[in-house]
Q: 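Structure incoming, see below.
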Amino acid sequence: MQNITILGSTGSIGTSTLDVVARHPNRYQVYALTAYKQVDLLFQQCVQFQPKFAVLLEEGAVAQMRARVKEAGLAVEVLSGVEALEQVCIANEVHAVMAAIVGAAGLRPTLAAARAGKKILLANKETLVLAGNVFMEAVRASGSALLPIDSEHNAIFQSLPHHYNGDMHGSGVRRILLTASGGPFRNTPLSELQHVTPEQACAHPNWVMGRKISVDSATMMNKGLEVIEARWLFNAQADDIQVVVHPQSVIHSLVEYVDGSVLAQLGNPDMRTPIAYGLAYPERIASGVCPLDLFKVARMDFVAPDFERFPCLALAYDALRAAGTAPAMLNAANEVAVEAFLDKRIAFLDIPKVISKVLNQLPVSAVHELDDVLEADARARAAATALLGDA
Ligand code: NAD
Ligand code: MG
């Protein structure tokens with residue numbers, strides 16, 4: 001029996017994780033569930049999964065949750081705050097942590113899990129974008145098992161040699177081919193992009209996801225963040241990672257070898273596949289995902305990414321090449337800009353403009369420790385917020 005903490009259990013990845021966990025009651029037990037403020041859903045999850053702890057971040061939500069737990073007579077202890085998030089990751093009883101908080105808020109508890117040597121199922125790509133070297137160093141030092149949950153990185157992980165040690169060229173790997181759906185605006189006339197709404201941006205053709213990552217998919221910043229994520233997970237350089245637009249989202253990514261072989265992982269676009277893979281690794285368990293019907297898929301298309309239509313992708317490659325604090329600043333400016341777009345304070349095409357201005361304004365410095373990253377994150381958030389004030 002494995003004890004699991006699910007950070008961000010009320011989100012898209014969190015609920016999919018619980019769906020898989022519920023299919024295997026003899027393998028997994030939920031130790032802790034966490035959410036920002038969604039009391040109703042978190043309470044229902046507590047009734048169903050009976051965790052030891054439930055953590056909420058918003059004070060009002062904590063009080064409500066405590067009252068509901070007491071009234072229902074549940075044996076769940078309700079905690080609050082970032083320290084509590086860390087506590088439910090590092091506790092002795094915990095075997096694995098699903099890191100599925102959205103954004104930079106996921107960094108601290110995910111890093112705490114890595115330092116404590118827990119098995120980490122990593123969905124929160126922002127952790128690697130912000131603090132790739134600090135996080136990977138913590139994973140190495142503690143001997144944590146790190147399983148990528150992002151579907152592309154999970155596919156790459158499955159297609160790399162077993163026990164891949166980060167030596168791409170020594171392992172005979174020539175390139176990583178990172179697939180992208182192209183999002184909802186792949187073919188939208190450029191003249192219409194200025195006026196697209198948050199609802200249109202969140203209507204992804206193939207995947208159902210949280211709102212932030214949905215907007216990132218529409219700008220292709222998501223793919224940019226994933227290029228940076230791949231850099232750290234697989235010790236690849238920017239030039240080793242080729243983005244391939246594949247609108248059907250059936251091939252989840254590929255690895256090209258020096259002998260001409262190309263290995264890929266395919267499946268229906270449903271996050272329960274990489275989640276089940278991560279949970280059971282190195283075994284395989286049922287996930288509830290429908291088998292892939294190749295006759296229904298019938299055809300698969302591949303095109304090169306359009307960096308003019310999607311300037312965010314170019315900005316991410318630039319930040320990766322600039323290294324140091326550049327990716328952390330890219331991520332912070334993006335989070336501020338996406339939130340402003342979702343609140344209808346800026347237009348869709350302003351997102352890359354805000355990020356680019358922030359990156360041009362702020363100097364890049366080296367990252368030696370977590371504080372370097374947190375300072376860069378704070379500076380870039382302040383700069384982006386100031387720009388929105390001017391907009
Ligand atoms: P979501 O918005 O659906 O859920 C986010 C979860 O984080 C919720 O439980 C929310 O309560 C919690 N949360 C939000 N802000 C928080 C804060 N400040 N402090 C603590 N908790 C907070 O997001 P999602 O789509 O499930 O994505 C989660 C992560 O997984 C993201 O990093 C995303 O990039 C990554 N990811 C998601 C998908 C997907 O299919 N949804 C695929 C690949 C990677
Ligand atoms: Mg992905």
Side-chain angles (χ1 to χ4, degrees), residues 5-19 32-42 44-45 54-59 61-62 65 79-86 88-89 98-110 120-130 147-157 178-183 202 204 206-217 220-230 233 243 246 249 251-253 265 267-275 278 289 331 334-335 338-339 342 377 381:
T5 284
I6 302 174
L7 299 171
S9 67
T10 55
S12 165
I13 294 288
T15 49
S16 292
T17 304
L18 287 173
D19 182 283
L33 296 172
T34 87
Y36 185 65
K37 63 174 182 185
Q38 296 92 329
V39 173
D40 287 342
L41 182 52
L42 189 66
Q44 280 173 30
Q45 292 178 341
V55 184
L56 281 155
L57 271 290
E58 201 200 55
E59 278 310 315
V62 176
M65 183 75 180
L79 305 174
S80 70
V82 178
E83 285 73 26
L85 288 179
E86 292 180 341
V88 297
C89 288
M98 165 55 83
I101 288 174
V102 61
L107 173 61
R108 276 190 50 187
T110 309
I120 298 171
L121 281 58
L122 187 68
N124 178 255
K125 63 192 82 183
E126 293 90 347
T127 286
L128 282 174
V129 175
L130 266 160
L147 280 310
I149 298 302
D150 212 344
S151 57
E152 297 77 3
H153 305 75
N154 189 269
I156 295 162
F157 185 87
L178 189 70
T179 55
S181 69
C202 290
H204 196 279
N206 307 335
W207 299 93
V208 182
M209 307 181 288
R211 281 164 74 78
K212 191 261 178 181
I213 186 178
S214 295
V215 176
D216 285 347
S217 298
M220 282 193 79
M221 178 56 93
N222 182 49
K223 211 47 54 181
L225 300 179
E226 290 184 359
V227 169
I228 301 172
E229 183 184 10
L233 283 172
V243 172
H246 162 47
S249 298
I251 296 183
H252 298 309
S253 278
Q265 185 257 0
N268 281 318
D270 186 322
M271 290 306 294
R272 290 176 300 175
T273 296
I275 291 167
V289 175
N331 179 69
N334 181 57
E335 286 190 24
V338 169
E339 198 182 319
L342 285 170
D377 173 84
R381 271 172 212 276

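Just follow the structure's listing: the first ligand is 1, and inside any ligand the first atom is 1.
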Q: Do Asn124 and Thr127 get their side chains close enough for a donor-acceptor pair, meaning under 3.5 Å?
A: yes

Q: Could you tell me whether the side chain of Asn268 and the main chain of Asp270 form a donor-acceptor pair under 3.5 Å?
A: no

Q: I'd like to check which ligand 1 atoms, numbered from 1 as shown, lie under 4.0 Å from a non-hydrogen atom of Asn124.
A: 32 (O)

Q: Do you know which N/O/S atom name in Asp150 is closest to the Mg ion (ligand 2)?
A: OD1

Q: For Glu229, is there an ion pair with Lys223 - N to carboxylate O distance below 4.0 angstrom?
A: no

Q: Any idea which atoms of ligand 1 are less than 4.0 Å away from a heavy-atom of Ala105?
A: 17 (C), 18 (N), 19 (N)

Q: Looking at atom 29 (C) of ligand 1, what's its closest protein heavy atom, distance included?
A: Ile101 O, 3.6 Å

Q: Measure Ala100 to ligand 1 on non-hydrogen atoms and call it side chain, backbone, both or neither using the 4.0 Å cut-off.
A: backbone

Q: Specify the closest pair of heavy atoms between Pro148 and Leu233, including all atoms of both residues, with the distance to one decimal.
A: CB-CD1, 3.9 Å

Q: Closest non-hydrogen protein atom to atom 43 (C) of ligand 1, residue and atom name please, with distance?
A: Asp150 OD1, 3.0 Å

Q: Could you tell me whether the side chains of His153 and Glu226 share a donor-acceptor contact shorter than 3.5 Å?
A: no

Q: Do Gly8 and ligand 1 have an N or O pair less than 3.5 Å apart?
A: yes

Q: Under 4.0 Å, counting heavy atoms only: does Lys212 come that close to any atom of ligand 1?
A: no

Q: For atom 25 (O) of ligand 1, what is the closest protein heavy atom, and at what distance to 0.1 Å?
A: Gly210 N, 2.9 Å

Q: Taking atom types as modelled, find out whether Asp377 and Asn331 have a side-chain donor-acceptor pair closer than 3.5 angstrom.
A: no

Q: Could you give the distance from OG (Ser253) to CD (Gln265), rounded to the nearest 0.5 Å?
A: 9.0 Å

Q: If you measure every N or O of Gln38 against every N or O of ligand 1, does any of those distances drop under 3.5 Å?
A: yes

Q: Please confirm whether Gly14 comes within less than 3.5 Å of ligand 1 when only nitrogen or oxygen atoms on both sides are compared.
A: no

Q: Restricting to N/O/S, name the atom of Glu152 that gets closest to the Mg ion (ligand 2).
A: OE1

Q: Going by side chain to side chain contact (heavy atoms under 4.5 Å, CB included), Leu7 matches just one of Ile13, Thr17, Leu85, Val55. Which one?
A: Leu85

Q: At under 4.0 Å between heavy atoms, is it the side chain or the backbone of Ile13 that contacts ligand 1, or both, or neither?
A: both

Q: For Thr10 and ligand 1, does the shortest N/O to N/O distance drop below 3.5 Å?
A: yes

Q: Do ligand 1 and Glu126 have nitrogen or oxygen atoms that lie under 3.5 Å from each other?
A: yes

Q: What about Gly11: any of its N or O atoms under 3.5 Å from an N or O on ligand 1?
A: yes

Q: With heavy atoms only and a cut-off of under 4.0 Å, state how Leu57 meets ligand 1: side chain, backbone, both or neither.
A: side chain

Q: Give the minimum heavy-atom separation between Glu152 and Thr179, together with the two atoms involved.
A: CG-O, 3.5 Å

Q: Can you give me the closest heavy-atom contact between Ser151 and His252, atom names plus distance?
A: O-CB, 3.8 Å

Q: Closest N/O/S atom of Glu226 to the Mg ion (ligand 2), by atom name?
A: OE2

Q: Could you tell me whether the side chain of Ser9 and the main chain of Gly14 form a donor-acceptor pair under 3.5 Å?
A: no

Q: For atom 5 (C) of ligand 1, what is the closest protein heavy atom, and at what distance to 0.1 Å?
A: Val102 CG1, 3.7 Å

Q: At less than 4.0 angstrom from any non-hydrogen atom of Ile213, what atoms of ligand 1 do you find?
A: 25 (O), 33 (C), 34 (O), 36 (N), 37 (C), 38 (C), 42 (C), 43 (C), 44 (C)

Q: Just jot down the ligand 1 atoms closer than 4.0 angstrom to any heavy atom of Ala35, in number order.
A: 11 (O)

Q: Is there a polar contact between ligand 1 and Tyr36, counting only N or O atoms under 3.5 Å apart?
A: yes

Q: Please check if atom CD in Glu339 has more than 12 non-hydrogen atoms from other residues, nucleotides or ligands closer than 6.0 Å.
A: no

Q: Between Thr10 (side chain) and Leu42 (backbone), is there a donor-acceptor pair under 3.5 Å?
A: no

Q: Under 4.0 Å from ligand 1, counting heavy atoms only, is it the side chain of Met271, its backbone, both or neither?
A: side chain

Q: State the atoms of ligand 1, each with its element, that fall below the 4.0 Å cut-off from a heavy-atom position in Ala123.
A: 30 (O), 32 (O), 35 (C), 36 (N), 44 (C)

Q: Tell me whether Ser12 has any N or O atom under 3.5 angstrom from an N or O of ligand 1.
A: yes

Q: Which residue and non-hydrogen atom of the protein lie closest to atom 34 (O) of ligand 1, and at what distance in Å?
A: Lys125 CE, 3.2 Å

Q: For the atom pair CE (Met98) and OG1 (Thr110), what is the distance rounded to the nearest 0.5 Å?
A: 11.0 Å

Q: May I ask you to test the Thr5-Leu33 pair for a side-chain heavy-atom distance under 4.5 Å?
A: no

